[in-house]
Amino acid sequence: MDYNKLAELLFPHIDKTPEDYEAMFPQRNLPEGAMVTRLGPSPTGFIHLGNLYGAFVDERLAHQSGGTFFLRIEDTDDKRYVEGAVEAIISSLKFFDINFDEGALLDGDMGEYGPYYQSKRGEIYQCFVKKLVSEGLAYPCFLTEEELAAIREDQEANKETTGIYGKYAVSRNLTIEEIEANIAAGKPYVVRLKSTGNHDLPSEEIRYIKVQDAIRGELSMPENNQDVIILKATGIPTYHFAHVIDDYFMRTTHVVRGEEWLMSLPIHVELFEKLGFEMPTYCHTAVLMKLDEGNKRKLSKRKDPELSLDYYRQEGYHPQAVKEYLLTILNSNFEEWRIDNPDAPIDDFKFTTEKMSSGGALFDLNKLNDISKDVLVKIPAAELTKFMTEWAREFAPEKLSLFEGHEEYIEKILDLGRDGNKPRKDLVYAKQIFEFISYFFDDYFKIEDTIPENVSDEDAVAILTKYLETYNHSDDQSQWFDKVREIGTEMGYAAKPKDFKKHPEDYKGHVGHVSTVIRIALMGRSQSPDIWEIQQILGEERTRERIGALIV
Ligand code: GLU
């Protein structure tokens with residue numbers, strides 16, 4: 001067969017040569033050891049934790065090494081294209097401080113290795129499919145859906161591997177005249193790789209590919225033997241082919257992708273070999289799992305809202321907390337490093353693929369919340385105030401007016417109990433923080449808890465009445481507490497909890513019960529930070545109003 005003739009027959013419109021592309025996309029001029037990584041999301045509109053997890057690895061590898069991190073949009077499947085998805089990807093990742101140096105950016109493509117949308121790279125792919133055809137390494141396949149289904153049925157019945165290979169690859173044997181006739185008759189066709197892998201061999205003779213994965217170490221898998229589709233009937237490449245062409249010509253050095261792609265690695269190895277391209281280093285990341293009633297399972301789009309990145313923004317997780325948490329699941333030595341370097345910026349940590357686990361990475365919201373508490377306690381109140389305001393602007397606009405223009409008030413609230421050597425760690429994420437501090441806002445203030453059992457309703461009213469009578473907003477903390485204690489002892493409550501514990505029969509309760517009554521009147525809750533400090537923030541008028549409201 002004259003393969004050159006076949007190549008011209010299939011791709012008469014392709015006039016560039018492989019050499020042209022080599023010249024257009026030369027090796028990058030980067031310092032020794034600099035890594036080039038990419039994120040290749042499909043624009044489906046759903047951005048998940050896995051994307052962030054991968055992006056984070058990409059970003060660290062590139063930026064730690066003085067390399068480049070670019071965004072390529074894998075939009076060859078246009079059924080899944082969702083308007084605005086690219087903006088959403090960029091802005092979601094930016095929120096987590098992950099920025100691209102190159103690629104499909106908001107103002108269009110930026111960089112010398114584009115186009116960065118696969119849908120615009122048709123000619124490049126076809127040039128290399130043409131090359132493979134002209135070398136007898138790829139061929140058009142005219143099998144119809146029905147024929148493919150019949151082959152599959154046969155294979156399943158005979159318990160054989162399904163797919164097009166060996167004797168099933170019937171289009172391999174077509175003559176050029178037959179192909180010409182099929183094309184003239186308008187029959188649709190795909191282009192398949194003519195695989196040279198062979199599995200019809202005694203098992204000891206099957207060839208294995210060996211790939212050094214940066215996360216998993218040496219991988220050994222039977223070579224590919226399937227005539228996989230490289231170009232669909234529409235002229236659009238499959239993932240396999242686009243990956244190989246793009247990562248070669250965009251000069252990617254490290255391909256970070258999910259472990260779901262491991263299975264097709266032998267196909268990619270064969271494609272790199274047949275095209276004569278040098279392979280990048282693969283880094284296959286572990287699937288994100290969660291514990292569900294004691295069992296590990298994959299995070300699922302349907303069952304787990306926390307899989308979506310939007311979830312973290314809507315709930316108002318601080319990006320630094322999410323980043324810090326992701327690093328703890330990404331690198332086994334991160335937590336230890338954090339203990340040794342409690343105040344170091346997160347980017348000082350030297351991230352390595354070797355310290356990544358290849359088993360399922362366990363994602364645990366409780367752990368994220370714990371880490372978030374530690375992270376937030378270190379963020380200055382002024383910055384947290386800004387963060388809360390921005391969160392409200394986007395996700396809780398009805399609350400925005402409580403924040404905007406009241407920055408000083410909010411800062412004091414957020415700083416409550418955070419100084420000293422045992423700062424309170426009750427702030428976790430914006431939604432929770434709002435709930436936690438909601439009693440500071442009159443519209444949200446409500447009595448949630450009940451007074452202690454050992455305080456009668458009459459006593460409660462009497463406590464509050466006396467409290468209001470003796471209240472002096474300029475009392476300092478100890479003067480204030482002396483007064484509370486006095487009110488209590490006058491009414492038969494022990495001045496110290498331990499006196500009450502020793503002789504419960506002598507008292508109605510203790511000073512703690514008295515202050516709980518005040519706490520509930522002011523905050524509506526029996527648990528809260530320091531009452532005196534809260535009153536200072538609420539101001540005299542509001543304090544008197546709230547106490548007075550319960551004296552009836
Ligand atoms: N478009 C692929 C995906 O959505 C990218 C895989 C890769 O990074 O190679 O999973």
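The basis for the numbers below is simple: all heavy atoms, side chains too, and nothing from hydrogens, waters or symmetry mates. Order of appearance sets the numbers: ligands from 1, and atoms from 1 within every ligand. Quick note: residue numbers are just sequence positions, from 1.
Using a 30° and 60° split on the angle between ring planes, Phe272 and Phe277 fall in the perpendicular class, above 60°.
In this structure a side-chain-to-backbone donor-acceptor pair under 3.5 Å is missing from Lys355 to Phe334. At distances below 3.5 Å, at least one donor-acceptor pair connects side-chain atoms of Thr253 with backbone N or O atoms of Val36. In this structure a side-chain-to-backbone donor-acceptor pair under 3.5 Å is present from Glu147 to Thr144.
At least one N or O atom of Glu74, backbone or side chain, sits closer than 3.5 Å to an N or O atom of ligand 1. Between His243 and ligand 1, a contact under 3.5 Å exists for no N or O pair. Of the polar atoms of Gly40, at least one N or O is found under 3.5 Å from an N or O of ligand 1, judged by distance alone.
For Thr238, the side-chain contact (heavy atoms from CB on, under 4.5 Å) criterion is met by Ile229, Lys232, His240, Phe241, not counting sequence neighbours.
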Using distance only, find each side-chain donor-acceptor pair of residues 189-196 under 3.5 Å and give its atom names and separation, not counting sequence neighbours.
from: Arg192; atom 1: NH1; to: Asp227; atom 2: O; distance (Å): 2.9
from: Lys194; atom 1: NZ; to: Tyr3; atom 2: OH; distance (Å): 3.3
from: Lys194; atom 1: NZ; to: Gly136; atom 2: O; distance (Å): 3.3
from: Ser195; atom 1: OG; to: Gly197; atom 2: N; distance (Å): 3.0
from: Ser195; atom 1: OG; to: Asn224; atom 2: O; distance (Å): 3.2
from: Ser195; atom 1: OG; to: Glu270; atom 2: OE1; distance (Å): 2.9
from: Ser195; atom 1: OG; to: Glu270; atom 2: OE2; distance (Å): 3.3
from: Thr196; atom 1: OG1; to: Glu270; atom 2: OE2; distance (Å): 3.4
from: Thr196; atom 1: OG1; to: Lys274; atom 2: NZ; distance (Å): 2.7

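Looking from atom 6 (C) of ligand 1 to the surrounding protein, the closest heavy atom is Trp261 NE1, 3.4 Å. Among protein heavy atoms, atom 8 (O) of ligand 1 sits closest to Arg38 NH1, 2.8 Å. At the top of the distance list for atom 9 (O) of ligand 1, counting protein heavy atoms only, stands Tyr239 OH, 2.4 Å.
Which parts of ligand 1 touch Ser42 is read off a 4.0 Å heavy-atom cut-off, strictly below it: atoms 1 (N), 4 (O).
Residue Glu260 places every heavy atom at 4.0 Å or more from ligand 1.
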